[in-house]
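Only one structure is covered here, and it is reproduced in the block below.
Bear in mind that the values here come from a model prediction, so they are computed numbers and not experimental data. Numbering starts at 1 and runs along the sequence shown.
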Amino acid sequence: MKTIVITGGAGFIGSHVVRLFVNKYPEYHIINLDKLTYAGNLANLKDIEAKPNYEFVKMDICDFEAFYQLMQDKKVDGIIHLAAESHVDRSIKDPFTFAKTNVMGTLSLLQAAKLYWESLPEKYEGKRFYHISTDEVYGALELTHPEGIEPPFTTKASSGEHHLAYGQDFFYETTKYNPHSPYSAAKASSDHFVRAYHDTYGMPVVVTNCSNNYGPYQFPEKLIPLFINNIRHRKPLPVYGKGENVRDWLFVEDHARAIDLIFHEGKTAETYNIGGFNEWKNIDIVKVLINTTDRLLGRNEGEDLDLITFVTDRAGHDLRYAIDSTKLQKELGWEPSLQFEEGIEKTVRWYLENQDWLDNVTSGDYQKYYDNMYKDR
């Protein structure tokens with residue numbers, strides 16, 4: 001039986017990865033390791049918490065001694081590392097926390113894994129450290145387009161497939177790092193440490209950089225769940241600048257499938273970009289959310305467009321992100337399963353049908369519950 005630690009497994013993306021691995025691999029022992037900060041919520045995993053191959057451990061990834069002991073006690077074979085501070089606005093206000101968690105926390109995991117795996121007779125054989133990063137480490141892309149054609153326009157990815165885009169350039173695995181926020185700078189640093197542990201010690205690592213995720217269980221400080229909730233309560237929808245910033249969006253379950261595939265079949269020391277070839281301006285996303293939410297609430301479609309409120313742009317706000325995931329498609333056969341409109345419909349419907357979860361998270365009651373549960377541990 002393989003023992004796999006998934007860090008940040010009570011968070012948005014992490015909970016989807018934990019659920020997938022627990023259900024798909026009953027022969028694995030899956031350890032969900034999470035500090036249960038504001039973004040971690042075990043209610044995300046109620047449906048699998050009683051499974052015999054699932055275990056939750058409350059731990060800070062910065063606690064090197066505790067994690068090193070866990071590696072030895074549980075005989076850990078693999079680490080899928082998602083735990084991170086991830087909200088850009090929070091990083092602007094508190095960069096020290098982001099540096100501590102994202103950089104020193106990752107280094108703590110790497111060093112504990114190195115010491116334990118190197119102590120084994122087989123050393124690194126059959127072991128893997130999988131580090132999940134972000135497209136934000138690459139910096140920003142321009143809104144460039146063929147002369148005389150306004151974006152979005154139809155273009156070709158390097159895979160040869162046509163898709164709508166807001167520029168002719170994309171982020172590739174070979175794109176140089178150029179982070180612009182404390183969050184992306186911290187993630188970039190952690191990426192470098194992971195690759196350095198392979199180059200220096202021979203640790204079998206793999207790194208992925210993914211575009212914006214959306215879907216169920218996302219903490220409602222992020223755009224899509226925040227705006228769904230605000231539309232529901234008819235609160236203002238604060239849009240940065242003029243809403244011209246472009247992001248590539250991927251349904252979270254498609255990301256989890258990619259992580260599963262790369263963990264098992266990806267090449268050691270390789271980087272894989274994960275994206276949906278699915279670019280949208282923020283203002284257009286907001287309009288789709290309003291129309292979809294209004295319709296599902298039984299309101300007139302577009303009734304709440306007047307909730308849009310333009311606010312001062314975020315400091316260092318990158319204009320455009322766009323991932324080229326051709327390498328992953330060609331080498332491992334992965335591709336997104338949902339079109340964006342279908343994914344948004346599924347996402348909005350989930351939040352409206354799970355208003356108790358949303359209200360519990362926005363009220364902060366879940367944190368008080370976990371604080372009391374684990375206060376003596």
Side-chain angles (χ1 to χ4, degrees), residues 3-18 21 29-42 44-45 54-87 90-91 94-118 127-134 136-137 182-198 201 203-210 219 256 259 263 367 370-371 373-374 377:
T3 298
I4 311 297
V5 170
I6 300 175
T7 71
F12 168 44
I13 300 173
S15 63
H16 287 275
V17 177
V18 167
F21 272 67
H29 178 51
I30 304 299
I31 299 174
N32 171 12
L33 189 146
D34 201 295
K35 186 182 177 182
L36 295 182
T37 61
Y38 76 95
N41 189 352
L42 292 176
N44 298 355
L45 293 163
Y54 170 75
E55 178 181 359
F56 171 72
V57 174
K58 185 178 186 296
M59 186 181 294
D60 186 345
I61 60 171
C62 293
D63 190 339
F64 166 77
E65 295 295 339
F67 188 73
Y68 183 38
Q69 190 64 52
L70 180 84
M71 291 286 297
Q72 299 171 81
D73 292 345
K74 302 294 184 178
K75 298 179 172 55
V76 175
D77 299 293
I79 299 168
I80 301 176
H81 177 36
L82 294 114
E85 296 285 349
S86 65
H87 192 48
R90 289 178 183 262
S91 81
D94 182 16
F96 284 98
T97 295
F98 280 69
K100 179 181 179 182
T101 299
N102 297 357
V103 183
M104 297 306 296
T106 301
L107 182 57
S108 171
L109 301 179
L110 286 165
Q111 184 66 5
K114 170 189 176 296
L115 292 178
Y116 172 62
W117 288 338
E118 286 188 346
K127 307 298 185 286
R128 170 151 283 185
F129 190 105
Y130 181 170
H131 178 65
I132 284 83
S133 187
T134 171
E136 297 190 40
V137 298
Y183 161 61
S184 56
K187 288 298 292 184
S189 178
S190 66
D191 296 0
H192 291 321
F193 267 110
V194 172
R195 295 187 178 103
Y197 263 66
H198 170 266
Y201 307 112
M203 181 179 287
V205 306
V206 65
V207 177
T208 54
N209 300 83
C210 190
F219 190 80
I259 289 172
F263 180 77
Q367 275 195 287
Y370 295 136
D371 287 346
M373 179 184 291
Y374 295 101
R377 300 187 187 183

Less than 4.5 Å apart, side chain to side chain, heavy atoms only: is that true for [X] and [Y]?
X: V18; Y: N44; result: no
X: K187; Y: F98; result: no
X: L36; Y: F56; result: yes
X: N41; Y: F219; result: no
X: L110; Y: Y201; result: no

I need the [X] [atom1] to [Y] [atom2] distance, nearest 0.5 Å.
X: M104; Y: D60; atom1: CE; atom2: CG; answer: 11.5 Å
X: L107; Y: K100; atom1: CG; atom2: NZ; answer: 13.5 Å
X: L33; Y: K74; atom1: CG; atom2: NZ; answer: 11.0 Å
X: I80; Y: T208; atom1: CD1; atom2: OG1; answer: 10.0 Å
X: E85; Y: Y38; atom1: CD; atom2: OH; answer: 5.5 Å
X: I132; Y: I13; atom1: CD1; atom2: CD1; answer: 8.5 Å

Which atom of [X] lies closest to which atom of [Y], heavy atoms considered:
X: F64; Y: S108; result: CA-OG, 3.1 Å
X: A83; Y: G8; result: CB-N, 3.5 Å
X: I259; Y: Y130; result: O-CE1, 3.4 Å
X: G40; Y: D34; result: CA-OD1, 4.2 Å

Whether the Y197 and Q111 side chains hold a donor-acceptor pair (N or O, under 3.5 Å, no angle test) is what I'd like checked. yes
Look at the aromatic rings of F21 and F263 and report parallel, tilted or perpendicular, splitting at 30° and 60°.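 Plane angle over 60°, so perpendicular.
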Take the angle between the ring planes of F12 and H16 and call it parallel below 30°, perpendicular above 60°, tilted in between.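 Geometry flag for H16 against F12: perpendicular rings.
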Among L82, N32, L45, I6, which residue satisfies the side-chain contact (heavy atoms from CB on, under 4.5 Å) criterion with S15? L45
Verify, without hydrogens or angle tests, whether [X] (side chain) and [Y] (backbone) share a donor-acceptor contact under 3.5 angstrom.
X: N102; Y: A186; answer: no
X: N209; Y: T134; answer: yes
X: W117; Y: V76; answer: yes

Look at atom NZ of K114 and say whether more than 12 heavy atoms of other residues, nucleotides or ligands are closer to it than 6.0 Å. yes
Sequence-distant partners of H29, side chain to side chain donor-acceptor pair (under 3.5 Å), two or more places apart: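 In terms of side chain to side chain donor-acceptor pair (under 3.5 Å), with neighbours along the sequence ignored, H29 is linked to E55.
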Exactly one of H198, H192, H81 should register a ring pair (Phe, Tyr, Trp, His ring centres under 6.0 Å) with H131. Which one does?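 So, applying the ring pair (Phe, Tyr, Trp, His ring centres under 6.0 Å) to H131 and each of H198, H192, H81, only H81 qualifies.
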Can you list the residues that meet the ring pair (Phe, Tyr, Trp, His ring centres under 6.0 Å) rule with Y116, with sequence neighbours excluded? none
